[in-house]
Number of protein chains: 2
Amino acid sequence: MYTESIEDYLKAIYEIQKENGKVSTNSLSEMLSVAPASATGMIKKLSEKKLVTHKRYQGVKLTKAGQKISLEIIRHHRLIELYLAEALGVPWDQVHEEAEKWEHVLSEDLEDRMDAALGYPTRDPHGSPIPSRDGTILELDSIPLADLRAGQSAVVDEVSDHDPDLLRYVGKMGLYPKTKFKVLSIEPFNGPIKIKVEKSEHILGPGAAQYVFVTDIKGSKSEASQ
Amino acid sequence: MYTESIEDYLKAIYEIQKENGKVSTNSLSEMLSVAPASATGMIKKLSEKKLVTHKRYQGVKLTKAGQKISLEIIRHHRLIELYLAEALGVPWDQVHEEAEKWEHVLSEDLEDRMDAALGYPTRDPHGSPIPSRDGTILELDSIPLADLRAGQSAVVDEVSDHDPDLLRYVGKMGLYPKTKFKVLSIEPFNGPIKIKVEKSEHILGPGAAQYVFVTDIKGSKSEASQ
DNA sequence: AATAGAATTTAGTGGTATCTAAAAATAATA
DNA sequence: TATTATTTTTAGATACCACTAAATTCTATT
Ligand SMILES: [Mn+2]
Ligand SMILES: [Mn+2]
Ligand SMILES: [Mn+2]
Ligand SMILES: [Mn+2]
């Protein structure tokens, strides 16, 4: 249908749009590791195909059609990630790379079969919601672990999946989605965070704590929850 | 490593080489549904990369390096076909198309995991041998069902997997690999063939019988076996 | 308001892979 | 052998997607 490049751009636009609101040429070129001029060229093409709207020098926004395709590819991606983890035991830091390629050549029939084999799941191995076939997606309201305060406990909701090193680091202390933990202490000025998972204690760097999103916060009020 | 196009050409060259011996520009262009000029262009590129040897107007032949890659992709293809059939219940007439795309983006790690999950299989759903990781492959000596004579019984060894219609047709009468059957009658001049599979009788057209390969022939001597 | 810096776009190029049309080489036939 | 037919190659064009270098536009600062 569409080229792999087009699909990757649409996916990137969706993700930047959700994270930053505005989608600039530079942010796209950075996320996809291409030169800014390449992003401009593709933006022009996407715009002609009515997949995005674009005002010169003003960034880009997905149209309904563009978002539909974007969510379709994200669905592929996340179903694949979960399938690889569940059915073939691929570790959670490796599923992303594999899915990044496979997502573009997955048939609708196989998509459905994997969906059924997994019992119609709603989350991928990193906790990210899996879009439905008709293009709707759950919006998460979880907050970075880094914004918690000492004494609070919470449940891991989602972990950013773009850096395998982060996933291995976070996985070593058992911080998988749905895992409950407690913040024992948190040093000011973005200091290290001491947490307790199950029976064991871990120290978590602030750089990592920014990419672990949590929900179900219990205990004293968090400053970031408002 | 190599482009999808290069991999598809190498795979096609391997298959034509096995079937016809000589690999002409036209046979390649036909198998890959491209113009003869396109095949000539790719042959030039493959030749420069030392993946094939080529004498102008004389056809093409895989080098050791070319065959290695070719068998690597065929291994991907057949492992994928079997995995889809076994693990996800994809019917045998659909696995080929899915594998045709996926084979190019399968990682070595996932290849190994699928291999292990399947118990290190040696045949794909159509009976074709799966090349080993180091690039060796079993040579089959089965003959077309069409060459059998009345009264003989045999076992299906391999069915050509390029035409989904043929696979559905053949599948309807249960002629899957390893299935034993008996030839009840065979009309001369490429006439229809009456066979018995399990307890039921079927009529098989000669066009199809040419693409079903059999082994383990019992009964009166077949004219094609010498 | 003028200027400096950053972001974005334009212009021109290269690699890959395809195509059509025409030329060249080989093979088949009269 | 000469002619015709088939096969293969060459020539030239298009589409896609990336790049660098330079020009343009926007933004922030003085
Ligand atoms: Mn991708
Ligand atoms: Mn993920
Ligand atoms: Mn292929
Ligand atoms: Mn097969």
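Below, read A as the first sequence line, B as the second, and so on, with proteins coming before strands; counting in each chain starts at 1. Just the heavy atoms: all of them, side chains too, but no hydrogens, waters or symmetry mates, feed the values below.
Among pairs with a residue in residues 22-34 of chain A, those fulfilling side-chain hydrogen bond (donor to acceptor under 3.5 Å, both in side chains) read A/Ser24-A/Ser27, at least two apart in sequence or across chains. Counting only residues at least two apart or on different chains, no salt bridge (charged side-chain N to carboxylate O under 4.0 Å, His left out) pair has a member in residues 39-68 of chain A.
Partners of B/Asp124 by side chain to side chain donor-acceptor pair (under 3.5 Å), not counting sequence neighbours: none found. In this structure B/Asp109 satisfies the side chain to side chain donor-acceptor pair (under 3.5 Å) test together with B/Arg113, sequence neighbours excluded. Taking B/His96 as the reference, B/His77, B/His162 meet the ring pair (Phe, Tyr, Trp, His ring centres under 6.0 Å) condition, with sequence neighbours excluded. Residues satisfying the ring pair (Phe, Tyr, Trp, His ring centres under 6.0 Å) test with A/Tyr57, not counting sequence neighbours, are none. Residues forming a side chain to side chain donor-acceptor pair (under 3.5 Å) with A/Asp112 (at least two apart in sequence, or on another chain): A/Arg133. A/Ser70 meets the side chain to side chain donor-acceptor pair (under 3.5 Å) test with no other residue; sequence neighbours excluded. By the ring pair (Phe, Tyr, Trp, His ring centres under 6.0 Å) test, A/His76 is found to be paired with no residue, residues two or more places apart in sequence or in another chain being considered.
Note that the first and last nucleotides of DNA chain C, 5' to 3', having any atom under 4.0 angstrom from a heavy atom of chain B are C/dT16 to C/dT26.
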(request) Take nucleotides 7-14 of chain D nucleotide by nucleotide from the 5' end and write B, S or -, depending on whether a protein heavy atom sits under 4.0 Å from the base, only from the sugar-phosphate, or from neither. (result) SBBB----
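Between the CD atom of A/Glu7 and the P atom of D/dC16 there is a distance of 15 Å, given to the nearest Å. Computed from coordinates, the A/Ile6 CD1 to D/dC17 C1' distance equals 10 Å when rounded to whole Å. Nucleotide D/dC17 holds its P atom 10 Å from the CD atom of A/Glu4, rounded to whole Å.
The residue B/Ser38 sits close to a base: some heavy atom pair falls under 4.0 Å.
Checking A/Glu158 against A/Ser142 by side-chain atom types alone, no donor-acceptor pair falls below 3.5 Å.
Near DNA chain C, meaning a heavy atom under 4.0 Å from it, residues 8-16 of chain B has B/Tyr9 in order of number.
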